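I am attaching a structure below and will ask some questions about it afterwards.
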Amino acid sequence: MDPFFIIVGLGNPGRKYDGTRHNVGFDVIDELVDRFHIGGPEKFGKSMIGKGRIGDRKVILVKPMTYMNLSGEAVQEIVHYFKADPAQDLVIISDDIDLQVGQLRIRKKGSAGGHNGLKNIVQHLGSGNFARIRVGVGGKPDPDYALMDYVLGHFSGDDKKVMEEAVSKAADAVACMVTEGADLAMNRFNTPRKKKQKPAKAAAAEEAAAIEGAAENASAE
């Protein structure tokens with residue numbers, strides 16, 4: 001059997017979840033289907049899949065139908081059937097509340113980072129050694145806001161436009177990973193991390209200490 005590149009977008013099945021923050025992975029799969037004229041969808045075990053090509057590489061696009069927390073069941077089924085090597089042939093696309101809305105973060109391996117879908121995949125595959133694209137959906141607007149309500153909520157206003165662009169960019173990143181490799185995709189699409197700014201009081205104290213130190217050195221001279 002010729003090797004396939006397996007691309008899995010995480011989400012929840014059902015119309016009421018369409019367009020929610022937790023379904024960004026499904027949105028990227030839909031973008032790839034349209035852009036590269038992927039065949040399907042067809043039922044395969046616990047997933048809906050489509051087969052086609054991106055460049056000269058055969059791909060399978062996957063939407064697990066298990067609901068988010070059991071995504072690993074569907075991914076394991078696909079990986080085993082097609083005899084794929086997760087470290088080489090698998091990409092998982094998920095939402096991420098720790099990234100600002102629209103930011104992308106690509107990694108070749110890693111932990112679940114608190115994401116229940118990724119956590120279940122790691123459990124079923126026995127390793128976090130697979131590539132993933134995380135798409136930022138922003139954090140909760142209030143610490144007391146229920147996380148489940150937030151991730152199952154819909155984008156609105158400016159965020160909706162930003163996410164449409166992010167989904168397209170994530171599809172670009174998938175195509176780059178498939179045709180040119182993960183390293184190039186990381187260099188090209190990862191959003192640079194912003195340095196954390198020190199609180200104003202701390203910055204002022206450091207500046208005052210630096211001035212005092214310079215004065216002391218001048219006196220010593």
Side-chain angles (χ1 to χ4, degrees), residues 1-11 22 24-29 31-33 35-36 38 40 44-96 98-99 103-136 166-167 169-191 193:
M1 185 182 297
D2 293 337
F4 282 89
F5 208 100
I6 299 172
I7 303 160
V8 182
L10 301 187
H22 230 17
V24 168
F26 276 17
D27 294 338
V28 177
I29 293 296
E31 173 70 18
L32 290 166
V33 167
R35 188 183 299 187
F36 295 102
I38 303 297
F44 180 93
K46 298 178 179 180
S47 302
M48 296 301 294
I49 69 171
K51 296 179 183 178
R53 288 183 180 272
I54 295 178
D56 61 357
R57 186 72 188 267
K58 295 169 68 174
V59 298
I60 300 175
L61 305 187
V62 182
K63 286 183 179 180
M65 295 287 109
T66 53
Y67 289 96
M68 183 66 78
N69 291 1
L70 299 176
S71 299
E73 295 179 2
V75 173
Q76 183 185 49
E77 181 180 57
I78 293 279
V79 166
H80 284 185
Y81 182 84
F82 289 98
K83 297 179 172 59
D85 176 1
Q88 301 294 327
D89 307 320
L90 177 65
V91 177
I92 305 293
I93 308 163
S94 71
D95 62 292
D96 195 306
D98 292 325
L99 295 175
Q103 286 189 334
L104 298 185
R105 184 75 68 230
I106 302 169
R107 291 287 181 268
K108 292 192 286 187
K109 60 181 179 180
S111 66
H115 191 285
N116 287 334
L118 289 172
K119 187 184 301 182
N120 196 251
I121 293 170
V122 170
Q123 289 174 351
H124 279 79
L125 295 183
S127 169
N129 192 20
F130 54 83
R132 72 283 310 272
I133 299 175
R134 296 183 290 148
V135 184
V167 165
K169 191 174 180 181
D172 292 340
V174 169
C176 182
M177 293 178 78
V178 170
T179 59
E180 301 181 82
D183 289 329
L184 184 58
M186 290 167 62
N187 290 333
R188 185 176 296 172
F189 294 98
N190 275 351
T191 306
R193 290 185 182 275

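For clarity, every value in this text was computed on a predicted model and none was experimentally measured. All values below come from the heavy atoms of this structure, side chains included, with hydrogens, waters and symmetry mates left out.
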Checklist entry - Counting distance only, does the side-chain N/O of Gln103 pair as donor-acceptor with the main-chain N or O of Thr191 below 3.5 Å? => result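 Judged by distance alone, no pair lies under 3.5 Å.
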Does a side-chain heavy-atom distance below 4.5 Å link Asn120 with Val122?
->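 Result no, sub-4.5 Å side-chain heavy-atom pair not found.
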ask   = With a 4.5 Å limit on heavy-atom distance, are the side chains of Lys169 and Phe189 in contact?
value =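 With C-beta onward as the side chain, the pair touches.
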Legend entry - Ring centre gap for His115 and His22 strictly below 6.0 Å: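 Between His115 and His22, the centre distance is under 6.0 Å.
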Test log, rule side-chain contact (heavy atoms from CB on, under 4.5 Å), inputs Leu104 and Val135 = CA-CA 5 Å; Leu104 298 185; Val135 184; 3.8 Å; yes
Between Arg134 and Leu99, what is the shortest heavy-atom contact and its length?
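Of all heavy-atom pairs spanning Arg134 and Leu99, the closest is O-CD1, 3.8 Å.
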Review point. Between the main-chain N or O of Asp85 and the side-chain N or O of Asp89, is there a donor-acceptor pair closer than 3.5 Å?
Key: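 Such a contact is found between Asp89 side chain and Asp85 backbone.
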If you compare all heavy atoms of Ala74 against all heavy atoms of Ser47, which two are closest, and at what distance to 0.1 Å?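 Taking Ala74 first and Ser47 second, the nearest heavy atoms are CB-OG, 3.3 Å.
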Are side-chain heavy atoms of Thr179 and Ile54 found at a separation under 4.5 Å?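 Sidechains of Ile54 and Thr179: in contact.
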Do Ile7 and Phe5 have side chains that get closer than 4.5 Å, going by heavy atoms?
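Touching, per the 4.5 Å side-chain cut-off.
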Tell me, do Leu32 and Val174 make a side-chain contact under 4.5 Å, heavy atoms counted?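 Yes, their side chains come closer than 4.5 Å.
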>> As a quick check of understanding, evaluate side-chain contact (heavy atoms from CB on, under 4.5 Å) for Val91 and Ile133, giving each step before the final call.
In response: CA-CA 7 Å; Val91 177; Ile133 299 175; 4.2 Å; yes
Q) Is the side chain of Asn129 donor-acceptor paired with the backbone N or O of Ala87 at a distance under 3.5 Å, no angle test? A)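 Answer holds: no.
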Can Lys46 and Glu77 be counted as an ion pair, charged N to O under 4.0 angstrom?
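Salt bridge absent between Lys46 and Glu77.
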- request: State, to 0.1 Å, how close Val28 and Ala170 come at their nearest heavy-atom pair, and which atoms those are.
  value: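 What the structure gives for the nearest pair is CG2-CB, 3.8 Å.
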For this session: State whether the side chain of Ser94 and the backbone N or O of Leu10 hold a donor-acceptor pair below 3.5 Å, judged by distance alone.
Result: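 Not a single qualifying donor-acceptor pair exists.
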Q.
If you apply the rule side-chain contact (heavy atoms from CB on, under 4.5 Å), what do you find for Lys108 with Asp183, and how did you get there?
A. CA-CA 8 Å; Lys108 292 192 286 187; Asp183 289 329; 2.8 Å; yes
Checking the side chain of Arg132 only, and the main-chain atoms of Ser111 only, is there a donor and an acceptor separated by less than 3.5 Å?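 Checking the backbone N and O of Ser111 against the side chain of Arg132, a donor-acceptor pair under 3.5 Å is found.
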Yes or no on side-chain contact (heavy atoms from CB on, under 4.5 Å) for Phe130 and Ile121, after CA distance, side-chain angles and deciding distance?
CA-CA 10 Å; Phe130 54 83; Ile121 293 170; 3.7 Å; yes
Test of ring centre spacing under 6.0 Å for Phe44 and Phe82
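Between Phe82 and Phe44, which both carry aromatic rings, the centre distance is below 6.0 Å.
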query: Do the side chains of Val8 and Ile6 get nearer than 4.5 Å, heavy atoms only?
result: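 A side-chain contact under 4.5 Å exists here.
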Task: Neighbour count above 12 (heavy atom, 6.0 Å) for Asp56 CG - done: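 At most 12 heavy atoms, drawn from other residues, nucleotides or ligands, come within 6.0 Å of this atom.
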- Nearest heavy-atom pair of Phe26 and Gly11: which atoms, and what distance?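 In terms of heavy atoms, the two residues are closest at CE1-N, 3.4 Å.
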Looking only at heavy atoms, what is the nearest atom pair of Asp96 and Asp98, with distance?
->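 Smallest heavy-atom distance, with atoms named: OD1-N, 2.6 Å.
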Notebook entry, point to check: Where do Ile38 and Leu61 come nearest, in terms of heavy atoms and distance?
Noted result: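 That closest heavy-atom pairing would be CG1-CD1, 3.6 Å.
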Open item on the list: Is there a side-chain contact between Val178 and Lys58 in this structure, where contact means two heavy atoms from C-beta onward sitting under 4.5 Å apart?
Closed with: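 No; the side chains remain at least 4.5 Å from each other.
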| query | Any side-chain heavy-atom pair from Glu73 and His124 closer than 4.5 angstrom? | reply |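 A side-chain contact exists here, since the closest heavy-atom pair is under 4.5 Å.
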Notebook entry, point to check: Between atom CD1 of Ile49 and atom CD1 of Ile29, what is the distance when rounded to the nearest 0.5 Å?
Noted result: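 So the CD1 of Ile49 and the CD1 of Ile29 are separated by 11.5 Å.
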